[in-house]
Amino acid sequence: MGEGLSLLKKKIEDLFGEEPLNEVDEELFKWLMFAYLDKGSGMKDLDGLNFELFKEKLTLLVDAIYKLHQERTGLEKL
């Protein structure tokens with residue numbers, strides 16, 4: 001098994017622990033599967049500085065996506 005795959009396996013075990021998954025872990029697992037299926041694989045080409053910038057912007061994007069879904073849920077309840 002490659003070193004990258006071993007590191008990923010260890011991180012997955014650390015993040016998710018034992019089943020059953022809670023709702024946070026279930027959502028994280030969906031994001032993991034998205035990435036594992038080679039979506040977003042272009043980030044491998046980022047240098048260290050740009051990877052740090054990517055992570056910062058990803059946090060902002062996740063916040064915006066969360067708020068969007070909260071607003072949509074609120075509208076559906078009306």
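Note that the coordinates shown come from a computational prediction; the quantities given were computed from them, not determined experimentally. The figures here come from the full heavy-atom set of this structure, side chains too, leaving out hydrogens, waters and symmetry mates.
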*Asks:* Mind checking what makes side-chain contact (heavy atoms from CB on, under 4.5 Å) contact with Asp14, not counting sequence neighbours?
*Replies:*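 Asp14: side-chain contact (heavy atoms from CB on, under 4.5 Å) contacts with Lys10.
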*Asks:* Counting only pairs under 3.5 Å, give me each side-chain donor-acceptor contact of residues 53-63, with atom names and distances, residues two or more places apart or in other chains.
*Replies:*
{"from": "Lys55", "atom 1": "NZ", "to": "Glu52", "atom 2": "OE2", "distance (Å)": "3.1"}
{"from": "Thr59", "atom 1": "OG1", "to": "Lys55", "atom 2": "O", "distance (Å)": "3.2"}

*Asks:* State plainly whether the residues Glu13 and Lys9 are in salt-bridge range, i.e. N to O under 4.0 Å.
*Replies:*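 Between Lys9 and Glu13 there is a salt bridge, with a charged N closer than 4.0 Å to a carboxylate O.
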*Asks:* Enumerate donor-acceptor pairs with a distance under 3.5 Å from any side-chain N or O in residues 22-35 to protein atoms, sequence neighbours excluded.
*Replies:*
{"from": "Asn22", "atom 1": "OD1", "to": "Val24", "atom 2": "N", "distance (Å)": "3.0"}
{"from": "Asn22", "atom 1": "OD1", "to": "Asp25", "atom 2": "N", "distance (Å)": "2.8"}
{"from": "Glu27", "atom 1": "OE2", "to": "Trp31", "atom 2": "NE1", "distance (Å)": "3.2"}

*Asks:* Just how far is it from atom CG of Leu68 to atom CD of Glu71, taken to the nearest 0.5 Å?
*Replies:*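 One finds 6.5 Å between CG of Leu68 and CD of Glu71.
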